[in-house]
Structure formats: structure tokens, C-alpha cells
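In what follows, chains carry the letters A, B, and so on, assigned in the order in which the sequence lines appear, proteins first and then strands, with residues in each chain numbered from 1. Worth knowing before you read on, the calculation uses all heavy atoms, side chains too, and leaves out hydrogens, waters and symmetry mates.
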There are 2 protein chains.
Amino acid sequence: MPQKKSGHVTLTDVARASGFSVSTVSIVLSEAPLSQNVAAATREHVRAMARQLGYHPDAHARSLRRRSTQTIGVLAFDLSDPFCIPIMRGIQSGLHSADYLPLVMDAQTQRKLFDGYLNLLLERRAEGLIVIASWVFEETNLLADVRKNNVPIIIVGRDLTSRGISSILVDNEAGGALAMQHLSDLGHRKIAVIRGPQGMSDSEPRWQGIQRAADQSGTTLDPRLVFELPALADPESGFEGGCRLAREMLASGRSFSAVLAFDDLTALGVVRGLTEAGVRVPEDCSVMGFDDVLPARVATPSISTIRQPLNEMGLKAAEHILHAVKVKTSPTSEPSLLVKASPELIVRSSTALRQSKKKGKAS
Amino acid sequence: MPQKKSGHVTLTDVARASGFSVSTVSIVLSEAPLSQNVAAATREHVRAMARQLGYHPDAHARSLRRRSTQTIGVLAFDLSDPFCIPIMRGIQSGLHSADYLPLVMDAQTQRKLFDGYLNLLLERRAEGLIVIASWVFEETNLLADVRKNNVPIIIVGRDLTSRGISSILVDNEAGGALAMQHLSDLGHRKIAVIRGPQGMSDSEPRWQGIQRAADQSGTTLDPRLVFELPALADPESGFEGGCRLAREMLASGRSFSAVLAFDDLTALGVVRGLTEAGVRVPEDCSVMGFDDVLPARVATPSISTIRQPLNEMGLKAAEHILHAVKVKTSPTSEPSLLVKASPELIVRSSTALRQSKKKGKAS
DNA sequence: AAAGACCATTCAAACGTTTGAATCACAATA
DNA sequence: TATTGTGATTCAAACGTTTGAATGGTCTTT
């Protein structure tokens, strides 16, 4: 009979089985400093017993007593966004090396879930909180509780330093500029731009960068070729939006030789829209994305894009939160941190030199 | 001064602040049956105090005392596989309605991590375990501990009923047949097949289904047009593999008008390989995928594929594990369950009728 | 007026750990 | 011999909850 009555194997079980006291067993199995004083034979015996019974220390009891959970909450606004995964990987490796565990929650773009999980993370005594979100609800009052309970927090994907929250995100302004620069280096002058949706914090700085680079390269942006994605939560809506806007720009009658899309999914939508109208990418029209997510890499043509160093961003977030947890002693000491990661231009097959010949592509 | 010395707000704090005993406060805040006996005024007062202090009950202490964690471990073999996300969503919604929380871990295809997290889930007293894995390591001895601790387990993505583990997966045989049937319905007779890698359990039944459907439609499969993916862990290796094999099949000199790829990523690789060689999809050659993941939907041409009802599978896994948790009383009572979900043919733009004219496409 | 019934609240033990302090046996020192 | 030291082990309290049993009340009921 492996387990006594119902539940798990406990320290008491191991103690009984090995003939030593609970204390000794605990000291041995948790490798406390005192375990140096325990006779080698005892150590071995206890360990063997524990192994045989399949003992696993109860993390809850341990956390309760040790007053530390070794846990960092990770709250993703939408895990299905391919953008999240590399960040999570970065976080995971950052935490792992410090023996911390990420507690991952997926809010699925729903505010109710977001608040509920925030609550849960507080209840589970996450020692710190990493929020992955380009969109986030305005001042969920739960955040006040996070403060009240003195839990450090950092957000990846948007700048909330203005509200005193440490933030780490890509330098959208630089990224936008990089994208525009690339297109103009290829000789494009008539460039359609699809801006991000209103609610999204990335939209504006990216647009600023685009304008700056356009100015610097002497390109003028035709306002009639500037579009905007609708503000929908679903990440696939970018694809739909790109598709629809591509049709619109063709229908508008304005000519253009390149499209600078807000993100990769949008770019893929644009490719779809153009292709269906008989416009070839990149021969007739170049298309740029932003983010460098998986679908952009495996599509044909592969999408030229601006890479966000997501992994590194996640890693840095982990490091920062661990640091903040260490020094938590002084409540409001450290000022909130802002990291702007450097974007990188990734040239693939969806962009090409402007064809001077037969360039008049769209109607 | 919101919090007393350092940690979180506790029941004792609320008790002190409200002037009632810890018991009363607990009864009120946890809405225990006894709370009906508590004076309405008291209830309100206690609640207000708790809210004001930002009290959140300590989940660890609660689990310890209640001897139930309301937690199900979800161990994904590789979260970056787009295949996982919809399953997780299904699991999440299934658990949510029962007030259970998924504890998500990502093994990143590494055995060390897999075992480590399995351990962690045991330590955190997950009441049940859902493993998402098409690949899984042979008999990790941790699974013995799972048994020993009497934790119900179910695996999504492969059939382990032979080892007494409940399993839920797509009917690969039917799916393979569906795919082959679709191609032959379109008139294709010379069909190249890319089988899954050796180590992967899906590979064989899918191949069986393909053969059966080929037989039934009177198509003979040329062994020289049957390829196999190498056994690599990285999910993107499917893409690389498809790319390379497409080149190989063109170089082989055998003619073919369709490619049935093992999964969507492989299919996308094939599209890339063919396109780069000047073969048009689907005009010159049709390509089929399997899984219906995001990249297949947003690529152009979009990939015809066999959809796995991932969401439903996740949901079912959640329901099953919850059931198993309920009846856990009798240790080895229930026989292990096997669910084979029905695959669905999704026709998109990567497959088309065989062109009888100028069909001689490849070399 | 005594017994019971009920309401509102509190006591105290328990969940499984960890750990500072205590115990005990025994050898070494003064 | 009495003291000190030390090596091996155990005591007991604490972490923050929950909950069966107990406590005092107040109000009926006979």
C-alpha cells in the first residue's frame, strides 16, 4: 500500500518509514545547512525511503513556511498572438536560471479574464508580475491592489512608465524608420502605409518613425495612400484588415509600388489581397511587415520585416523583475525602468527594387 | 501604513482592523455556509475592511488547509508549436467553468525541462495532469511517480492507451485518408507523399490512411515519390524539410501533380521549394497540409488541409481530467479512455483540379 | 422558571513544511 | 570528576487558512 489513506506522500510518511523524526527528514531532503551534521548513513537511508515512496515536497506548505513562492506571474493579453511565444521563452529561461517559476495566464483579450487572473496571481503570491500586452485595459483597478501588496510589475510590449510601471518594448520609432528607409533604399517613392489601430500604443511612434525616414529620404507620403487598421482585439483581424485595405488601395486608383504594413499579419493580408487582384509580390509591389513572427518566415514569398528581439526582451523582463523582487525591501525606491530594444531589419523576398519598367501596376 | 511589516495582507490583519476574530472574518470572506449566521452588518463591515486593505486570501495556505488546489497541470511538449495554442484554449475554457486553474509549463522539446516540470507539477499538487505532446519521451520514470501519487493523467496528441494512459487525439488514419481522397477527387494520380518522421506517433496511422484511400480510389503510390521527414524536434524543421524534399522530388525526375505533406509547416516548405523552382501552386502542382494552424491560413495561396478540432480536443481533455479527479477515490478503477476526434477537410487554394493540359510540370 | 432552540461569534486544531532552540550521548579537555 | 565541546537528532512553534465544536447570549415554548 503505497499511500496511506488518500492524499500525497508526506514528510510524516517518510519519517515513519525511515524511523527518523520529521525534522531530520526535512533537513535531509531539503538539503538545509544543518544536513551537514546528519550522519551520512542516515542521509542515504532517508533519501532512499523518499525515493521509494515517491515523495515530493508540498510546494504550498513549503511556500507558506518559507514565505517565498519562487514564482513570477506572467499574464499574457493574448497568447494566440505569435508575438507572445518568443517573449515567454525569454522569460522562462531568465527565470529558470534563478530557480523561479513562471505562472502563465492567458487573458484571451478578455477584460474579465484579465482581471480574474490578476487576482489569481495575487492569491498565489506571485512575487512579481510580468504583463505581456501591446493592448491593455485602461487602469484596471486591480493594479492598485498589486501596488498595495507591494508586488513589482513590468510590462512588455508597451510604454507605461508614465503611470509608473516599468516597461520594455521595441523602439517603434526606430523600427518604423528602418522599414521606410528600406523601401526607399529600394527606390520606392509611392508608398502606401497601413497604420496600426487607434487603441494600440505602437501605432503612433511607428508612424512617427515612418514619417521621419520619409522626410529624410525626400519621399513624400500621399495622405490618400495612408490607411488605418480598425481597432479589433483579434490578432487575426490584422490579416483580414490587410486584405481588405489592399483591395481598397487598388480600387482607389492611386498608383503605388510598395506597401508598408503595420505588422506581419497585416502584411500577409496585403499579399493575399494584392495577389488575388493579380498584382505580383514583390515584382509589381513590395510589401513590408513588422515583428518577424513565424507565419512571416514560412510564407512564400517570405516577408521582409522588422524584427523585434522578443527573446531578449523577455529575458530582460525576467532579469528586471528578479532584481526588483530582491530589493523589494524599500517599497517605492527604484524609479520605473524603460527599455527600448533595438529593432533589426530583416530583408526577405517580399521586397525588391522598384521596377522602372512597366511599373504602372495598379489601375 | 497599508501593510504591517513586509508581506501580504492577511486574515489576521483584516481581523484586527475590523475588530472581529479571524474565524469570523474567514467565514465571511470565504463565503462558507456558516456565513448565513453572521449578522449582515458584520458581513458588510468585514468585506469593506478587506477591500480597503487589499486583502487577497493566500492560495497556498488555503490549499494546504482545504487539501485541494483547484489546479490542473498542463505540460506542453513545445508551446511554440502553433498546434498547442488552440488546445490550451480549449483546456482553459473547460477548466474555467469548473473553477479550476491550468498550470501551464512549456518543456521546449527538452527532456530535462520536461522532467523538471513534471516534478514541479507534482510538488504544486496539481490534481490532474494534461500532457500536450505528439512526441514524448519514452517512459520517463517520473510517470511512475505520477501514478504513485495517484494523479490522473491524460495525453493530448498521441495514443498511449497501451501504457494505460488516457489519450485523446485526432483520427490520423481517417485524416490521412481524407487528404488523399481530396487529391484524387481533384483528378490527381501521380502524388508525392511526405511521411512524418520515424519517432512521431502520428506518422504511421496517417500513412495507413493515405494508402487505404489510394487503394480505394485506384491510385497507386510510386514508392519513389514517397519521402520521409527527418526526426528533429524543432517544429520549424518541418518547414525546412518540406523545402528540401520538394527540391529532391523535382530533381528525381519523376513527374507528379500533387504533394501530400505531413503537416502544414511541411506543406509551406513544399510550396516554397516548388515556387523557387518555378513550379506554380496550385496551377502546376497541388499541395496539401495537415493540422490547420495559423500560418496555413494566412499564407498565399492558403493551404488546403485537414483540420484537427484542437479546441474541442482540449475541452474534452479538460472535462475528462475533471471527471477523473472527482472519482479519484477508487485508484485504478476506470479503464483508460481513448478519444479519436474526427478530422475535417478544409479546402483552400493550394489544391486544384489536375490540369490535363501541359501537365508535365517538373523536369 | 426551567428547558430548549437559535443566533452570532470565537476556540483550537489541523494542513505539511522549516528552523531556532533544545536535548542527549559521548568523547575530549581541564 | 566535573566541565566543555560537538555531533546527531528531535522539539515545538510558526506560516495563513478552514472548520467542527464550543461559548455565551437572547428569545421561545411549556
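Side-chain nitrogen and oxygen atoms of B:S26 include none within less than 4.0 Å of the OP1 or OP2 phosphate oxygen of D:dT17. For the pair A:R66 and D:dC15, the criterion of a side-chain N or O lying under 4.0 Å from OP1 or OP2 is not met. Contact annotation: A:T10 does not reach the phosphate of C:dG16 (side-chain N/O to OP1 or OP2, under 4.0 Å). Proximity of A:R67 to the phosphate of C:dT18: no side-chain N or O atom is located under 4.0 Å from OP1 or OP2. Note on A:T24: every side-chain N or O is 4.0 Å or more away from OP1 and OP2 of D:dT9. Phosphate contact (OP1/OP2 of D:dC11, side-chain N/O of A:S21, threshold under 4.0 Å): absent.
Between the CD atom of B:Q70 and the P atom of C:dC15 there is a distance of 20 Å, given to the nearest Å. One can place CG of B:D13 at 11 Å from P of D:dC15, the figure rounded to the nearest angstrom. Going from atom CD of B:E31 over to atom C1' of D:dT18 covers 15 Å, rounded to whole Å. Whole-Å rounding puts the A:L64 CG to C:dG16 P distance at 12 Å. Whole-Å rounding puts the B:L29 CG to C:dT9 P distance at 14 Å. Rounded to an integer number of Å, the gap from A:E123 CD to D:dC15 P is 21 Å. Per the geometry, CG belonging to A:L11 stands 6 Å off P belonging to C:dT18, to the nearest Å.
Heavy atoms of B:S63 sit nowhere under 4.0 angstrom from any nucleic acid atom.
In the set D:dG16, D:dT10, C:dT17, D:dT10 carries the atom at the smallest distance from any side-chain atom of A:I27. Listed nucleotides D:dT19, C:dG16, C:dT10 differ in distance to B:R65; the shortest reach to its side chain belongs to D:dT19. The nucleotide whose nearest atom lies closest to any side-chain atom of B:Y55 is, among D:dT17, D:dT18, C:dT10, D:dT17. Of the candidates D:dT19, D:dC15, D:dT17, the closest approach to any side-chain atom of B:S23 belongs to D:dT19.
To the nearest 0.5 Å, atom CG of residue B:D115 and atom CG of residue B:L113 are 9.5 Å apart. Taken to the nearest 0.5 Å, the CG atom of B:D106 stands 7.5 Å off from the CD1 atom of A:I85.
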Show me the donor-acceptor pairs within less than 3.5 Å that the side chains of residues 93-104 of chain A make with the rest of the protein, sequence neighbours left out.
from, atom 1, to, atom 2, distance (Å)
A:S93, OG, A:R89, O, 3.4
A:S93, OG, A:G90, O, 3.1
A:S97, OG, A:S93, O, 3.4
A:S97, OG, A:G94, O, 3.1
A:Y100, OH, A:E127, OE1, 2.6

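A donor-acceptor pair shorter than 3.5 Å can be found between the side chains of A:T71 and B:R124. In this structure, a donor-acceptor pair under 3.5 Å is absent between the side chains of A:D58 and A:H8. There is a side-chain donor-acceptor pair under 3.5 Å between B:S21 and B:T24.
Comparing A:L34 and B:G19 by the nucleotide of DNA chain C that holds the closest heavy atom to each, the one mapping nearer the 5' end is B:G19.
Between A:F114 and A:Q108, every side-chain heavy-atom pair lies at or beyond the 4.5 Å cut-off. No side-chain heavy atom of A:I168 sits under 4.5 Å from any side-chain heavy atom of A:H320. Between A:L75 and A:I130 the shortest side-chain heavy-atom distance does not fall below 4.5 Å.
A salt bridge does not link B:E319 with B:K316: every distance from a Lys NZ or Arg NE/NH1/NH2 to an Asp or Glu carboxylate oxygen is 4.0 Å or more.
Using a 4.0 Å cut-off on heavy atoms, the residues of residues 37-45 of chain A that approach DNA chain D are A:N37, A:V38, A:A39, A:T42, listed by number.
Direction change of the helix axis from one end of the helix from C:dA1-D:dT30 to C:dA30-D:dT1 to the other is 70°, with five pairs defining each end axis (rounded to 10°).
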